Amino acid sequence: MNLIFFGPPGGGKGTQARLLAARRGLPQVATGDILREAGAAGTPLGREARRYMDTGDLVPDAVMIGLMQERLARPDVRAGFVLDGFPRTLPQAEALEAVLAAMERRIDRAVEFRVGEETVIRRLGGRRVCQAAGHISHVEFAPPRVEGICDVDGSPLLQREDDRPEVIRRRMEVYRNEIPPVLDFYRVRALLVALDAEGDEEAVYARLEETLARP
Ligand code: AMP
């Protein structure tokens, strides 16, 4: 199954994509994670991307499309994938369709995660990410056993640069401005489904499975 997850920052796309990967073996392709890894490694791509990410703006389409083309050519996504964070603009959606068509593949479903603004702010404001491997915890919803330390690998937990309130506001504005034509792109192809993404991760996961099981 080839899936796309859409949703505002803090909508829970990444959390649900990770659950699907663990439970169904469907690999998560998260462009934000790929860019952060490149940033941490200090590659030219990472350095360029950082300039946009730190202010909550989108990395240019040409960069993102090239990156995705390369990623989708790798063998681990041959049997299916969940795109988390791509496409975010209409040119990205069009390019994705062309890349997949060249491989005789297509998107099976695009899921729009719907959550209120208050939920987004609570989720992002409390989100912490471990320095070593990006494991995610939350000060309120999933607190680590020892404050500030990752349960999985013992490395320090940090706040993402772009989870600061002023950057959150910018990311949400970018989402609201850019995403309507992208959603329309999948709506006219009858691929778009809405998901109520309020509530804890197991409740959302149960609704997601239901949504995916529908013909
Ligand atoms: P995320 O982890 O999905 O919230 O993405 C973090 C940041 O990475 C975004 O705010 C953008 O700056 C950048 N980014 C991730 N995916 C894309 C994309 N498809 N197009 C442009 N920028 C992106």
Side-chain angles (χ1 to χ4, degrees), residues 2-18 20-21 27-41 43-72 77 81-100 107 110-113 115 117 119-131 133-138 158-183 185-186 197:
N2 304 327
L3 302 176
I4 304 177
F5 285 179
F6 292 114
K13 308 180 297 293
T15 301
Q16 296 302 322
R18 275 186 288 278
L20 261 190
Q28 172 196 19
V29 176
T31 41
D33 289 348
I34 296 172
L35 295 174
R36 277 184 290 278
E37 275 161 29
T43 65
L45 165 72
R47 279 201 302 273
E48 188 188 354
R50 214 170 212 168
R51 302 207 321 254
Y52 301 93
M53 296 171 78
D54 284 350
T55 55
D57 288 298
L58 293 183
V59 174
D61 283 338
V63 175
M64 296 310 302
I65 290 166
L67 186 150
M68 187 49 69
Q69 205 161 2
E70 215 172 90
R71 181 66 187 87
L72 291 180
V77 294
F81 54 75
V82 180
L83 297 187
D84 162 10
F86 188 97
R88 266 173 152 103
T89 64
L90 196 53
Q92 290 182 13
E94 286 163 348
L96 174 65
E97 192 172 60
V99 168
L100 290 176
I107 294 299
V111 183
E112 182 198 1
F113 284 53
V115 285
E117 206 156 301
T119 304
V120 164
I121 298 206
R122 268 176 85 190
R123 285 184 183 169
L124 293 182
R127 172 161 72 179
R128 298 293 180 269
V129 182
C130 96
Q131 200 174 19
H135 299 119
I136 292 173
S137 58
H138 194 283
L158 306 173
Q159 184 166 38
R160 253 170 67 169
E161 265 301 301
D162 59 354
D163 280 347
R164 287 175 292 120
E166 65 279 17
V167 187
I168 292 175
R169 272 194 293 277
R170 175 70 190 140
R171 289 162 64 205
M172 285 168 63
E173 185 188 323
V174 167
Y175 180 75
R176 276 196 298 265
N177 289 343
E178 298 288 344
I179 214 67
V182 184
L183 296 181
F185 183 91
Y186 293 98

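Because the structure is a prediction, the values reported are computed rather than measured. Order of appearance sets the numbers: ligands from 1, and atoms from 1 within every ligand.
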N/O separation below 3.5 Å, Val59 to ligand 1: yes
message: Under a 4.0 angstrom heavy-atom cut-off, which atoms of ligand 1 come close to Arg160?
response: 1 (P), 2 (O), 4 (O), 6 (C)
- request: Mark yes or no for whether Arg123, through its side chain, and Gly10, through its backbone, hold a donor-acceptor pair below 3.5 Å.
  value: yes
task: Identify the protein heavy atom lying closest to atom 19 (N) of ligand 1, giving its residue, its atom name and the separation to 0.1 Å.
output: Gly85 O, 2.8 Å
- prompt: With atoms numbered from 1 as shown, which atoms in ligand 1 lie under 4.0 angstrom from a non-hydrogen atom of Leu35?
  reply: 8 (O), 13 (C), 14 (N), 15 (C)
message: Do Met68 and Leu83 have side chains that approach each other closer than 4.5 Å (heavy atoms only, starting at C-beta)?
response: yes
field: Point-to-point distance, once rounded to the nearest 0.5 Å, from CD1 of Ile4 to CG of Asp84
entry: 11.5 Å
- prompt: Thr31 heavy atoms, cut-off 4.0 Å: which ligand 1 atoms fall inside?
  reply: 15 (C), 16 (N), 17 (C), 19 (N)
- prompt: Hey, are Arg36 and Glu161 close enough for a salt bridge, meaning a charged N less than 4.0 Å from a carboxylate O?
  reply: no
query: Going through the distances and angles, do Glu112 and Tyr186 end up as a side-chain contact (heavy atoms from CB on, under 4.5 Å)?
result: CA-CA 10 Å; Glu112 182 198 1; Tyr186 293 98; over 6 Å; no
Asp163 with Arg171: basic N within carboxylate O range, under 4.0 Å: yes
query: Has the side chain of Gln92 got a donor or acceptor atom that lies under 3.5 Å from a matching backbone atom of Arg88?
result: yes
statement: re atom 15 (C) of ligand 1, the protein heavy-atom contact at minimum distance is Arg88 NH1, 3.3 Å
message: Among all the protein's non-hydrogen atoms, which is closest to atom 7 (C) of ligand 1, and how far away is it?
response: Met53 CE, 3.7 Å
- line: ligand 1 atoms nearer than 4.0 angstrom to some heavy atom of Gln92 are 18 (C), 19 (N), 20 (N), 21 (C)
statement: The atoms of ligand 1 lying under 4.0 Å from a heavy atom of Arg36, numbered in the order shown, are 2 (O), 6 (C)
statement: Quick note on ligand 1: atoms under 4.0 Å from a heavy atom of Arg171 include exactly 4 (O)
- prompt: Can we say Glu166 and Arg169 salt-bridge, meaning some charged N sits less than 4.0 Å from an Asp/Glu carboxylate O?
  reply: no
Where ligand 1 meets Asp57 - atom numbers and elements under 4.0 angstrom, heavy-atom basis: 11 (C), 12 (O)
